[in-house]
Every structure is written in C-alpha cells, then in structure tokens.
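Single-structure report; data block below.
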Amino acid sequence: MKIVKLPKENLAKFVSSLSSFGQIHAPVKRGEKSLAFGPVSDFAQIQLNYTRTILPLKKYFFKPIDTMFNFSAEKGYELPMEEPEQRNVFFGVHPCDIHGLKILDLVFSGRYVDNYYFARRNNAAIIGLDCIPDEFCFCRSTGTDFVDSGFDLFLSDIDESYLVRVGTSLGDDMVKATESLFRDIEKQDREKYKGKSIEKRESFQIQIQLQDLPGIMDLEYDSPIWEELGQDCLSCGTCSMVCPTCYCYAVFDELDLDASSGRRMRRWDSCLFKDYALVAGGHNFRAERSSRVKNRFFHKQRGFVSQYGRPSCVGCGRCKAYCPAGIDIVEVINKLRSEIRV
Ligand code: SF4
Ligand code: SF4
C-alpha cells in the first residue's frame with residue numbers, strides 16, 4: 001500500500017481540492033453538542049476532532065425514506081431519476097463506520113443485490129480519519145478500531161502531519177492531483193505512527209470479550225435479563241436508526257389523490273417497533289418488548305455470526321450513547337457473561 005505524508009498546514013488546501021472529485025461531505029456541528037455528516041463548502045466547517053456523528057454514513061446510501069419506483073395507470077412502472085451521476089466525497093470517516101459500510105456492502109450484495117444502495121455507494125469516495133475513543137467506544141473489542149480496506153485514503157494524525165494510506169486508484173488520483181502538498185514518509189514518521197497506535201490502544205476505557213459470545217447467548221436464551229430489559233425499553237427504535245449496521249426497512253405504497261398513480265417507498269424499520277413482527281391475520285411474533293430487545297441482541301451477536309462469520313456490531317457506541325432508557329450493550333453482554341460464571 002502506498003503511504004505518504006500530508007503536513008497539517010496543507011490539509012485545508014487538500015480538502016478543497018477534493019471538490020473536483022465530487023461534493024464533499026464531512027462531520028459538521030448540529031446544535032451545541034451534536035455532529036452530523038453534511039455537505040461542506042468551507043474547510044472551517046469541518047470538525048476534525050469528533051468522536052461520533054448522530055447517524056452513520058448509511059443515511060446517504062440506504063436513505064431513511066426512499067422512493068423505489070413510481071407507478072401510474074398511464075405509464076406503468078418508472079424508476080425515479082435521481083442525480084445518477086452525483087459523486088460524493090466523504091471526508092473524516094472513522095474506522096468503525098468504514099467497517100459498518102463494509103457490513104452493509106456484504107448484506108446488500110447478497111442473494112438480492114440492492115441496486116438503490118449500490119447506485120449511490122459506487123459513486124462515493126471515502127477518506128478515512130483516525131480517532132481517539134471516548135467512554136462509549138468499544139471498537140477495539142469488535143476488531144474494528146483499524147481498517148486496511150474500504151477507503152480511498154486514510155489519514156492518521158502523527159502530530160505535525162497526517163500519515164496517508166492510499167487504498168485505491170481513486171485515492172492515488174486524489175494525491176497525484178495535489179502532489180506538491182504531499183511528502184515522502186521518513187523513519188521518524190513511521191515511529192510516530194506506531195507510537196500513536198499504542199496510544200490509541202491504551203486509551204480504550206471499555207474492553208469486552210466477544211469471541212465466545214454466540215455460544216454464551218445460546219445458553220442464555222431464556223435468561224431473566226431479557227425480561228428486565230423489556231421493562232426498561234421504550235420501543236423507540238433509536239438504537240436501530242443510529243446503528244451503522246442495521247438495515248431493516250418497511251415497504252409501503254403512497255397513492256396520489258387521483259388513485260391512479262403513486263409511488264412505492266421504503267423507510268427504515270426497527271425490530272424494536274411493536275408492529276415489526278405483526279403479520280396478516282393479526283398475530284405478532286414478538287408482541288412483548290422483552291422478545292424484541294432479545295431479538296436485536298441475538299441478531300447482531302448470534303444470527304449474523306452464523307450467517308456471515310462475524311457479529312454485526314462495530315463497537316461505535318451509538319446505541320449506548322443515544323438510548324433514552326440507558327440500555328447499555330456492553331453492560332448487557334457483561335451481564336450475560338457473568339450469569340455463566342455464577
Ligand atoms: S434505543 Fe433503547 S429504549 Fe429505544 S428501542 Fe433501543 S433499547 Fe429500547
Ligand atoms: S449495536 Fe450499537 S455499538 Fe454496535 S454498531 Fe450498532 S450502534 Fe454501534
């Protein structure tokens with residue numbers, strides 16, 4: 001992998017140059033404390049030292065609400081014409097969110113390829129940026145604190161400069177387009193990078209053991225923990241909405257007033273919602289809140305492992321940070337583990 005160095009004083013110029021590769025999106029302030037990925041026109045808007053955005057990048061490729069096709073008695077079915085050539089450059093994506101995208105890529109390229117997702121995903125450049133964990137992050141435990149693919153460029157802070165790993169030919173084009181801004185790396189840069197890597201590893205406040213969790217979950221299928229969690233959970237679905245790897249959606253039709261035209265839509269759904277498992281005839285397979293919370297944990301940490309060989313959690317800490325009932329994924333996992341010990 002090609003590795004170069006970008007002095008920090010050249011970062012603003014480099015980011016501005018990215019606009020020739022597409023619309024730049026980066027973490028920007030939303031209110032006092034919150035951040036979100038949004039379009040930027042000025043480098044000064046970008047928040048470089050952030051921990052997490054409210055929503056992950058999935059909102060761009062798998063939109064919260066989306067038109068699948070339009071229909072009318074006159075024209076039949078028509079795919080929506082939506083800026084098909086719009087290229088986007090996402091700057092400042094953290095390793096856990098890059099892993100989240102890799103999981104969505106896997107899911108949406110499965111048996112039925114999701115063309116809505118890939119039409120946007122294939123037009124996106126990813127510029128990663130390393131980060132320092134806060135009290136909610138546990139990506140080291142999920143093995144997603146580092147990335148070696150899934151980005152065009154990846155920037156790691158080595159004090160006066162960024163060490164830049166070039167992941168794709170598009171990333172290489174970006175560097176070549178502004179070659180005079182970059183420098184070759186030297187011995188002290190390599191040492192700085194290794195030192196920073198140790199610093200990051202040592203700054204994790206949470207460590208959980210996940211390797212043997214699927215087996216433990218099988219043993220704890222009937223644990224009273226699920227009942228306790230069901231009493232606290234508000235079924236608000238926030239944990240699914242903010243999760244970079246949750247991908248459920250509901251499909252519905254919206255009819256125009258003339259009742260002869262309309263559109264088929266899809267919108268994010270959550271297995272925590274009361275009617276998620278409601279079927280024709282009125283039976284609800286997960287009518288109890290406890291069974292819905294249990295389902296979320298089992299899907300992420302058990303079912304997904306069976307299907308894809310890894311859990312569908314990247315340790316971003318969003319569900320823990322934003323759950324209004326204070327349900328903490330790390331605490332739940334630790335409780336499940338300690339139940340086994342006693
Ligand atoms: S965010 Fe918390 S309260 Fe809301 S559905 Fe998820 S676990 Fe339940
Ligand atoms: S389950 Fe929670 S911590 Fe894991 S990826 Fe989803 S939001 Fe992040």
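Quick caveat, the model's predicted, so the values are computed rather than measured. Indexing begins at 1, ligand by ligand and atom by atom, following the structure's order. Heads up: numbering here begins at 1 and tracks the sequence.
For atom 5 (S) of ligand 2, the closest heavy atom belonging to the protein is Val314 N, 3.3 Å. In this structure, atom 1 (S) of ligand 2 lies nearest to the protein heavy atom Arg296 NH2, 3.3 Å. From the protein, the heavy atom lying nearest to atom 2 (Fe) of ligand 2 is Cys319 SG, 2.3 Å. For atom 4 (Fe) of ligand 2, the closest non-hydrogen atom of the protein is Cys313 SG, 2.4 Å. The single protein non-hydrogen atom nearest to atom 3 (S) of ligand 1 is Leu234 N, 3.2 Å, given as residue, atom name and distance. For atom 8 (Fe) of ligand 1, the closest non-hydrogen atom of the protein is Cys233 SG, 2.4 Å. The protein atom (non-hydrogen) at minimum distance from atom 6 (Fe) of ligand 2 is Cys243 SG, 2.4 Å.
Contact atoms of ligand 2 toward Phe138: 3 (S) (distance under 4.0 Å to a heavy atom of the residue). With ligand atoms numbered from 1 in the order given, ligand 1 contributes 1 (S), 5 (S), 6 (Fe), 7 (S) to contacts under 4.0 Å with heavy atoms of Cys239. Every atom of ligand 1 with a heavy atom of Gly237 under 4.0 Å away is listed here by number and element: 4 (Fe), 5 (S). Numbered from 1 in the order shown, with element, the atoms of ligand 2 that lie under 4.0 Å from a heavy atom of Gly317 read 3 (S), 8 (Fe). Ligand-side atoms of ligand 1 in range of Leu272: 5 (S), range being under 4.0 angstrom from any heavy atom.
Using a 4.0 Å cut-off between charged nitrogen and carboxylate oxygen, Asp134 and Arg52 count as a salt-bridge pair. Ionic pairing of Asp148 and Arg165 is not present here: no N-O contact between side-chain nitrogen and carboxylate oxygen is shorter than 4.0 angstrom. Salt-bridge formation is detected for the pair Arg302/Asp218: a Lys NZ or Arg NE/NH1/NH2 atom is positioned less than 4.0 Å from an Asp or Glu carboxylate oxygen. Using a 4.0 Å cut-off between charged side-chain N and carboxylate O, Asp105 and Arg121 make a salt bridge. We find that Asp189 and Lys194 are not joined by a salt bridge, their nearest charged nitrogen and carboxylate oxygen being 4.0 Å or further apart. Looking at Asp66 and Arg267, no side-chain N of the basic residue comes within less than 4.0 Å of a carboxylate O on the acidic one, giving no salt bridge. With salt bridges taken as basic N to acidic carboxylate O contacts below 4.0 Å, one links Asp130 and Lys200.
Within the 4.0 Å heavy-atom criterion, the part of Lys300 lying near ligand 2 is the side chain and not the backbone.
Taking the six-membered ring for Trp and the full ring otherwise, Trp268 and Phe273 have centroids separated by 6.0 Å or more. Aromatic rings of Phe90 and Tyr60 (six-membered ring for Trp) have centroids within the 6.0 Å cut-off, being under it. The six-membered or imidazole ring of Tyr117 lies away from that of Phe62, with a centre-to-centre distance of 6.0 Å or more.
Metal site remark for atom 4 (Fe) of ligand 1: Cys323 contributes no N, O or S atom at a distance under 2.8 Å. Not a single N, O or S atom of Cys316, from either the backbone or the side chain, sits less than 2.8 Å from atom 6 (Fe) of ligand 2.
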